[in-house]
Amino acid sequence: MKIKACVLFPIFTLLSSCITWYDRAEFAPVRDKNYAQTGVPYTHIDTNDTSGLNGIIKSTKPYDIWVLYPNAHPETAAYIESVVITKFTVTYADGTVDPGTKALKLPMRIKTFVYDGTDRNSDGSINHSKNRRIEKEMTGVVSRDEPFTLQIEGRFTKYSGTTNPFKIKIKYNMQWDRRIDIVTLFDIIANI
């Protein structure tokens with residue numbers, strides 16, 4: 001008995017899967033009880049994940065660190081003109097300082113900029129706002145897949161001319177996200 005292609009194709013499509021392989025580095029901050037929750041820039045490790053049509057999502061070294069302010073403190077941003085970073089180091093457990101941080105030209109001044117923000121209210125309406133933000137990507141400053149300690153020192157400069165110093169010391173743990181996700185057409189239909 002011959003089965004025609006017009007019957008096999010829909011069956012194959014129905015049973016086929018979308019497979020995604022993950023090979024990603026993940027860095028999670030370890031917060032100690034002395035860490036100041038406010039008044040310091042927020043940091044985020046960007047592992048430069050790449051994804052292609054082959055279904056592979058992979059981290060690409062060297063990694064970057066984003067310095068953002070104010071991430072959760074927009075009310076204080078209106079008074080901040082810039083931040084000056086005087087120290088920025090990534091130190092591994094063996095005491096090695098990453099060469100990417102040694103290459104940074106310090107002190108580094110980062111000015112605030114205005115961006116348009118939108119939020120959805122509980123009634124469904126949209127709230128537009130203009131906020132000030134400091135944002136800088138320190139590229140290529142994490143070259144190893146290992147835990148590290150990030151130290152940043154600097155000062156905020158207000159429009160009034162006054163300055164507020166800050167210090168950050170955060171340990172980041174590292175783990176791999178190595179998994180395979182299989183999503184079948186049945187899963188997609190079930191979520192519609």
Side-chain angles (χ1 to χ4, degrees), residues 18-32 34-74 77 80-115 117 131-157 164-182:
C18 177
I19 300 173
T20 304
W21 288 273
Y22 292 88
D23 188 16
R24 297 183 57 246
E26 291 181 341
F27 292 91
V30 177
R31 305 278 192 213
D32 66 18
N34 298 321
Y35 181 76
Q37 295 295 323
T38 59
V40 296
Y42 168 78
T43 56
H44 168 74
I45 313 304
D46 182 359
T47 55
N48 301 316
D49 293 344
T50 58
S51 62
L53 296 175
N54 58 3
I56 298 173
I57 298 175
K58 182 173 178 55
S59 296
T60 306
K61 288 188 289 192
Y63 308 131
D64 308 331
I65 297 178
W66 281 91
V67 178
L68 308 166
Y69 188 87
N71 192 44
H73 313 289
I80 304 293
E81 187 268 333
S82 65
V83 63
V84 175
I85 296 177
T86 57
K87 179 180 183 178
F88 192 99
T89 59
V90 167
T91 308
Y92 300 100
D94 64 3
T96 304
V97 176
D98 197 281
T101 60
K102 290 180 180 179
L104 293 174
K105 296 191 183 341
L106 300 176
M108 179 185 300
R109 182 169 178 257
I110 307 164
K111 292 188 72 161
T112 60
F113 64 92
V114 176
Y115 75 100
N131 297 304
R132 298 196 74 73
R133 185 177 183 96
I134 292 171
E135 185 175 291
K136 178 69 176 171
E137 181 179 21
M138 307 297 193
T139 57
V141 294
V142 180
S143 59
R144 291 161 57 174
D145 294 321
E146 300 174 18
F148 64 86
T149 300
L150 172 64
Q151 288 185 283
I152 306 174
E153 293 181 14
R155 63 187 177 276
F156 291 106
T157 303
N164 291 338
F166 68 87
K167 289 183 181 183
I168 301 173
K169 184 176 182 179
I170 308 171
K171 181 179 179 187
Y172 281 90
N173 284 334
M174 186 270 171
Q175 66 181 16
W176 283 103
D177 176 13
R178 290 185 168 142
R179 61 189 159 96
I180 298 174
D181 277 350
I182 300 174

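We number each residue from 1, following the sequence as shown. No experiment lies behind these values; they were computed from the predicted model shown.
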(request) Locate the shortest heavy-atom distance separating P29 from I170; write the atom from each residue and the value. (result) CB-CG2, 3.7 Å

(request) Compare every heavy atom of K111 with every heavy atom of S82, then report the nearest pair and how far apart it is. (result) CB-CA, 4.0 Å

(message) Any side-chain to backbone donor/acceptor pair from N48 onto P62? Under 3.5 Å, distance only.
(response) yes

(request) For T101 and V141, indicate whether the former's side chain and the latter's backbone hold a donor-acceptor pair under 3.5 Å. (result) no

Just so I know, are the side chains of [X] and [Y] near enough to count as touching, which here means a heavy-atom distance under 4.5 Å?
| X | Y | value |
| --- | --- | --- |
| L106 | T86 | no |
| N164 | F166 | no |
| Y63 | V90 | no |
| Y172 | V142 | no |

For the [atom1] atom of [X] and the [atom2] atom of [Y], what is their distance to the nearest 0.5 Å?
| X | Y | atom1 | atom2 | answer |
| --- | --- | --- | --- | --- |
| F148 | T89 | CZ | OG1 | 10.5 Å |
| I56 | Y22 | CD1 | OH | 12.5 Å |
| E153 | F88 | CD | CZ | 12.5 Å |
| W21 | I57 | CH2 | CD1 | 11.5 Å |
| K169 | I152 | NZ | CD1 | 13.5 Å |

(request) If a pair satisfies salt bridge (charged side-chain N to carboxylate O under 4.0 Å, His left out) and one of its residues is in residues 139-150, list it, with sequence neighbours excluded. (result) K61-D145, D94-R144, R144-E146

(request) Scan residues 19-28 for pairs that pass salt bridge (charged side-chain N to carboxylate O under 4.0 Å, His left out), counting only residues two or more places apart or in two chains. (result) D23-K58, D23-R178, R24-E26, R24-D49, R24-D177

(request) Let me know which of L150, I85, D64 forms a side-chain contact (heavy atoms from CB on, under 4.5 Å) with M138. (result) I85

(request) For the residue pair D181 and T20, confirm or rule out a side-chain donor-acceptor distance under 3.5 Å. (result) no

(message) I'd like to check the salt bridge (charged side-chain N to carboxylate O under 4.0 Å, His left out) partners of R109; sequence neighbours left out, ordered by chain and number.
(response) E81

